[in-house]
Amino acid sequence: MTAPLKRRIGLGLLTAYGVGVMIGAGIYVLVGAVAAQAGVWAPLSFLIAGLIAAPTALSYAEFSTRLPEAAGEAAYVGQGLKSQALALLVGLAIVTAGTISAGAVLRGGVGYLTQVLPVGTVVVAVALGVVLTAVAVLGVLESLALAALFTVIEVSGLILVIWAGASAAPGVDILTPGPLSLAGVGVGAVLAFFAFIGFEDIVNMAEEVERPQRNLPRAILISLLVTSVLYAAVTWAAVRAVPLADLAASDSPLVLVWRASGQGSGHFLAVIAVFAALNGVLAQIVMAARVLFGLGRRSAALAIFHQAHPRFGTPVLATVLVGVLVTLASALVPLITLAGLTSSILLGVFVLVNLALILQKRRAPVASFRVPMAVPVLGVVVSVAALVLSVLGHL
């Protein structure tokens with residue numbers, strides 16, 4: 001008999017996990033890329049990205065109380081759309097997106113680290129990938145406790161960036177913003193959406209969460225609210241203090257914000273950004289391994305991954321596989337390519353999850369946490385629109 005995962009996670013750690021993976025997944029490395037598309041209107045792109053995520057986050061929150069299990073999206077699609085083949089495809093897509101996302105964040109974190117230390121990018125990426133995979137193997141409580149510590153560090157860094165941007169002299173760009181480019185803001189929003197990736201990871205921890213019907217939806221909504229406020233403030237600070245061309249060309253844009261305030265080199269901020277990246281990578285490795293664990297319950301071909309270590313209580317084989325793939329992705333594929341591909345995959349999954357909830361609500365209206373039918377309907381509409389923008393932006 002397969003050993004079960006251990007329920008050791010409360011609301012606080014689960015929320016810190018969500019906030020940490022979202023912040024680690026983009027804001028430290030994507031501000032410049034979004035500014036290159038949307039100009040000084042980049043904060044609007046982040047706001048739109050949050051609005052794209054909001055209805056789907058609410059849909060996830062309801063589904064998490066209906067089916068609190070690992071491989072959450074696969075379970076939701078399988079139940080709602082009555083297709084186990086599609087459920088398996090969605091689960092594999094989530095594993096792929098999580099792996100690519102972690103690779104992107106690890107690459108971005110290494111980029112910040114090279115601002116401080118004269119180290120080789122590939123060597124450091126491999127070393128960090130090995131260490132984080134080992135932590136994820138040792139235990140979920142240990143992993144999320146370390147992630148919570150990283151989250152405190154990275155949020156502190158963002159607060160310092162906001163202060164620095166607010167105290168710096170306004171840049172030329174913010175004083176003469178120019179006309180609003182809807183296309184630029186739209187493409188920027190698709191890129192910025194990558195920074196909100198993480199709320200959907202929370203549901204895949206369901207089999208290790210205490211009182212999942214209560215804690216899962218709360219953690220999802222609190223995480224999304226906290227990160228939305230932080231992103232809006234950080235992006236405003238960045239475009240206020242630093243010329244757009246400099247932001248767009250930098251691998252460490254938030255360090256430029258600190259330097260613009262005249263407070264020093266900002267090397268400490270690069271170190272904080274490394275912690276943020278490590279947090280995002282660790283969280284995604286943990287999540288993707290749980291999805292593989294859950295898929296192993298549904299597919300004979302993946303049954304080998306439905307095994308938890310009797311002592312550590314973690315899916316060791318799935319974790320090691322994900323860790324290896326994350327390390328390879330970070331070393332071989334450019335950041336923006338990784339971010340765009342991850343966003344497109346997840347937007348497709350969001351469309352299916354919202355459709356599944358619409359059908360499931362019609363069959364069984366009663367749930368411990370419910371949202372109006374308009375929420376998943378809106379989730380389908382905005383996710384499809386964002387997916388089209390994403391595809392067009394990469395043609």
Margin query: Run Gln284 and Thr99 through side-chain contact (heavy atoms from CB on, under 4.5 Å) and show every step you take.
Written below: CA-CA 7 Å; Gln284 293 284 23; Thr99 301; over 6 Å; no
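- To the nearest 0.5 Å, atom CG of residue Leu278 and atom CD1 of residue Ile153 are 9.5 Å apart.
- Cluster membership check: Met287 does not share its hydrophobic cluster with Leu11, using side-chain heavy-atom separations under 4.5 Å among Ile, Leu, Val, Met, Phe, Trp and Tyr.
- At a threshold of 4.5 Å between non-hydrogen side-chain atoms, the residues Val324 and Leu328 count as touching.
- Using a 4.5 Å heavy-atom cutoff, the side chains of Thr319 and Arg290 are in contact.
- Taking all atoms of both residues into account, the shortest heavy-atom contact from Leu292 to Ala318 is CB-CB, 3.8 Å.
- A distance of 9.5 Å separates OG in Ser261 from CG in Leu160, rounded to the nearest 0.5 Å.
- The hydrophobic clustering, which links ILVMFWY residues whose side-chain heavy atoms are closer than 4.5 Å, places Val381 and Leu47 apart.
- To the nearest 0.5 Å, atoms CD1 (Ile9) and CG (Asn215) are separated by 10.0 Å.
- Closest approach of Ala237 and Val161 over heavy atoms only: CB-O, 3.9 Å.
- Between Ala87 and Leu295 the shortest heavy-atom distance is O-CD2, 4.4 Å.
- Under the 4.5 Å side-chain heavy-atom criterion for grouping Ile, Leu, Val, Met, Phe, Trp and Tyr, Ile159 is connected to Ile272 within one hydrophobic cluster.
- More than 12 heavy-atom neighbours from other residues, nucleotides or ligands sit within 6.0 angstrom of CZ on Arg214.
- In terms of heavy atoms, Pro68 sits closest to Leu216 at CB-CD1, 4.2 Å.
- Lys361 is listed as a side-chain neighbour of Pro376, based on a closest heavy-atom distance under 4.5 Å.
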Notebook entry, point to check: Could you go step by step and tell me if Arg66 and Gln213 meet the side-chain contact (heavy atoms from CB on, under 4.5 Å) rule?
Noted result: CA-CA 8 Å; Arg66 291 175 176 267; Gln213 283 84 358; over 6 Å; no
Which donor-acceptor pairs under 3.5 Å do the side chains of residues 70-86 make with protein atoms, sequence neighbours left out?
unit_1: Glu73; atom_1: OE1; unit_2: Asn204; atom_2: ND2; d: 3.3
unit_1: Glu73; atom_1: OE2; unit_2: Tyr60; atom_2: OH; d: 3.3
unit_1: Ser83; atom_1: OG; unit_2: Leu86; atom_2: N; d: 3.1

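- Residues Phe199 and Ser223 fail the side-chain proximity criterion, which asks for heavy atoms closer than 4.5 Å.
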Item checked: Working for ring pair (Phe, Tyr, Trp, His ring centres under 6.0 Å), residues Phe293 and Phe305 -> CA-CA 5 Å; Phe293 177 88; Phe305 297 114; over 10 Å; no
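- Using a 4.5 Å heavy-atom cutoff, the side chains of Glu62 and Phe369 are in contact.
- With a 4.5 Å cut-off on side-chain heavy atoms, Ser45 and Gln37 do not count as touching.
- The distance from the CH2 atom of Trp163 to the CG atom of Leu158 is 15.0 Å, given to the nearest 0.5 Å.
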Item checked: Criterion side-chain contact (heavy atoms from CB on, under 4.5 Å) on Trp236 and Phe46, from CA distance to verdict -> CA-CA 10 Å; Trp236 168 81; Phe46 276 93; over 6 Å; no
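- Taking hydrophobic clusters as Ile, Leu, Val, Met, Phe, Trp and Tyr residues chained together by side-chain heavy-atom distances below 4.5 Å, Leu225 does not share a cluster with Leu13.
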Next item on the list: Assess whether side-chain contact (heavy atoms from CB on, under 4.5 Å) is satisfied between Ile220 and Thr15, documenting all intermediate values.
Entry: CA-CA 7 Å; Ile220 290 170; Thr15 303; over 6 Å; no
In a table with atom names and distances, give each donor-acceptor pair under 3.5 Å that connects a side chain of residues 348-359 to protein atoms at least two apart or in another chain.
unit_1: Asn354; atom_1: OD1; unit_2: Ser59; atom_2: OG; d: 2.7
unit_1: Asn354; atom_1: ND2; unit_2: Thr56; atom_2: OG1; d: 3.0
unit_1: Asn354; atom_1: ND2; unit_2: Phe350; atom_2: O; d: 2.9

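- Between the Ser383 side chain and the Val380 main chain, no donor and acceptor come within less than 3.5 Å of each other.
- Across all their heavy atoms, Arg240 and Gly165 have their closest contact at NH1-O, 2.8 Å.
- At least one side-chain heavy atom of Pro243 sits under 4.5 Å from a side-chain heavy atom of Asp246.
- Here the closest heavy-atom approach between residue Ile285 and residue Ala136 is recorded as CG2-CB, 4.0 Å.
- Between Thr235 and Val34 the shortest side-chain heavy-atom distance does not fall below 4.5 Å.
- Note that CG of Leu302 and CG of Leu92 are 6.0 Å apart. Values are rounded to the nearest 0.5 Å.
- Distance OG/Ser167 to CH2/Trp258: 8.0 Å, rounded to 0.5 Å.
- Connection of Ile202 to Ile222 is established within a shared hydrophobic cluster, with ILVMFWY side chains joined at heavy-atom distances below 4.5 Å, either directly or through further cluster members.
- Atom CG of Leu149 has more than 12 neighbouring heavy atoms from other residues, nucleotides or ligands inside a 6.0 Å radius.
- Between the side chain of Thr227 and the main chain of Val19, no donor-acceptor pair closer than 3.5 Å is present.
- Atom CZ of Arg362 sits in a sparse spot, with 12 or fewer heavy atoms from other residues, nucleotides or ligands closer than 6.0 Å.
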